[in-house]
Amino acid sequence: MFPSPFAVFLCRDDVNYVEPDLSIICDKNKITDKGCEGAPDWIIEIVSPSSRSMDYNQKLFKYRTAGVREYWIVDQMKQQVTVYNFEHDLFEEYSFTDKVKAGIYNEFEVDFSKIRLESK
């Protein structure tokens with residue numbers, strides 16, 4: 001797991017990259033001294049007022065197209081976690097009182113009721 005700032009080169013072009021809030025990468029061969037070359041397995045973005053449109057629209061499209069397996073959007077203003085499991089073409093929404101199961105990892109969940117998120 002790599003927190004921001006951590007460069008993710010989705011297109012493996014060494015020029016254009018994104019910096020997700022959290023990147024989970026299972027294939028160690030993707031990790032270089034520059035960051036991650038190729039799509040992480042799981043990306044989590046924590047929405048801020050300035051990133052709202054980018055997280056819900058542009059990054060959603062980029063991550064799906066690049067081959068990210070699962071994408072979570074954690075929205076403090078809405079008190080909501082939006083989960084996109086691209087492998088199984090699933091979309092689900094949860095509140096901050098829920099336990100959210102990771103779709104790409106068996107028996108792994110995050111209990112958001114026990115997490116205190118600070119505003120940026």
Side-chain angles (χ1 to χ4, degrees):
M1 181 171 76
F2 297 89
S4 180
F6 180 75
V8 174
F9 297 88
L10 294 172
C11 300
R12 299 181 189 228
D13 65 4
D14 259 3
V15 177
N16 298 305
Y17 63 92
V18 292
E19 287 188 336
D21 292 315
L22 287 171
S23 302
I24 294 86
I25 303 153
C26 297
D27 183 353
K28 293 179 184 178
N29 293 323
K30 290 183 178 182
I31 300 167
T32 70
D33 58 340
K34 293 181 182 180
C36 176
E37 292 186 14
D41 294 277
W42 181 13
I43 288 179
I44 300 171
E45 292 285 6
I46 301 170
V47 176
S48 67
S50 63
S51 73
R52 178 168 299 285
S53 176
M54 186 174 295
D55 291 338
Y56 279 101
N57 299 303
Q58 294 147 335
K59 286 185 177 179
L60 172 64
F61 176 77
K62 283 183 181 190
Y63 295 160
R64 177 186 299 229
T65 304
V68 171
R69 296 169 60 200
E70 190 158 337
Y71 175 41
W72 289 16
I73 301 173
V74 178
D75 192 325
Q76 296 175 68
M77 189 173 90
K78 292 182 178 182
Q79 296 285 292
Q80 178 177 294
V81 180
T82 305
V83 175
Y84 295 92
N85 182 321
F86 298 133
E87 281 190 326
H88 299 105
D89 205 25
L90 297 173
F91 162 82
E92 297 175 294
E93 293 179 326
Y94 300 89
S95 76
F96 277 16
T97 59
D98 293 327
K99 292 180 181 177
V100 182
K101 186 174 180 334
I104 63 171
Y105 299 112
N106 292 331
E107 300 181 31
F108 181 81
E109 65 184 14
V110 177
D111 186 348
F112 276 86
S113 69
K114 295 184 180 187
I115 297 174
R116 183 172 167 221
L117 295 171
E118 304 273 333
S119 297
K120 289 183 179 179

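Computed from a prediction, not measured in an experiment: that's the story for all the values here.
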Euclidean distance, Lys114 NZ relative to Lys99 NZ, rounded to 0.5 Å: 6.5 Å
Do the side chains of Met54 and Leu60 join up, straight or via other hydrophobic residues, at under 4.5 Å, putting them in one cluster? no
Note: Gly38 and Val8 closest approach over all heavy atoms is O-CG1, 3.8 Å
In the single-linkage hydrophobic clustering (I, L, V, M, F, W, Y; side-chain heavy atoms under 4.5 Å), do Met1 and Val100 co-cluster? yes
Would you confirm whether Glu93, through its side chain, and Gln80, through its main-chain N or O, come within 3.5 Å as a donor-acceptor pair? no
Look at the aromatic rings of Phe112 and Trp72 and report parallel, tilted or perpendicular, splitting at 30° and 60°. tilted
Co-membership, hydrophobic cluster, residues Ile43 and Tyr56, 4.5 Å side-chain: yes
Is a side-chain N or O of Asp27 found less than 3.5 angstrom from the main chain of Asn29, in a donor-acceptor match? yes
Decide if atom CG of Asn57 counts as having more than 12 heavy atoms of other residues, nucleotides or ligands within a radius under 6.0 Å. yes
Any residue meeting side-chain contact (heavy atoms from CB on, under 4.5 Å) with Tyr105, in chain and number order, not counting sequence neighbours: Ile24, Cys26, Asp41, Trp42, Ala102, Phe108
If you count heavy atoms of other groups shown closer than 6.0 angstrom to OH of Tyr94, is the number above 12? yes
Between Glu87 and Ile104, which heavy-atom pair has the shortest distance, and what is it? OE1-CG2, 3.5 Å
Decide yes or no for Pro40 and Val68: does some side-chain heavy atom of the first lie under 4.5 Å from some side-chain heavy atom of the second? yes
Contact between Asp75 and Thr82 at the side-chain level, heavy atoms closer than 4.5 Å - yes or no? no
Please check if atom CZ in Phe61 has more than 12 non-hydrogen atoms from other residues, nucleotides or ligands closer than 6.0 Å. no
Check for me, please, whether Tyr63 and Phe2 land in the same ILVMFWY cluster - side-chain distances under 4.5 Å, paths through other members count. yes
Side-chain donor/acceptor of Lys30 to backbone N/O of Ala39, under 3.5 Å: yes
Which atom pair, heavy atoms only, marks the closest approach of Val74 to Phe96? CG1-CZ, 3.7 Å
Applying salt bridge (charged side-chain N to carboxylate O under 4.0 Å, His left out) as the test, list every pair that has at least one member in residues 53-63; sequence neighbours left out. Glu45-Lys59, Asp55-Lys59
Minimum heavy-atom distance between Arg52 and Lys78, given as atom pair plus value: NH1-CE, 4.1 Å
Calculate, to the nearest 0.5 Å, the distance between atoms CG and CG belonging to Leu10 and Asn16 respectively. 9.5 Å
Just verifying a value: how many Å separate Asp98 CG and Asp111 CG, rounded to the nearest 0.5 Å? 9.0 Å
Tell me the closest heavy-atom pair linking Asn85 and Gly103, and the distance in Å. ND2-CA, 3.5 Å
Do Arg64 and Asp89 have side chains that get closer than 4.5 Å, going by heavy atoms? yes
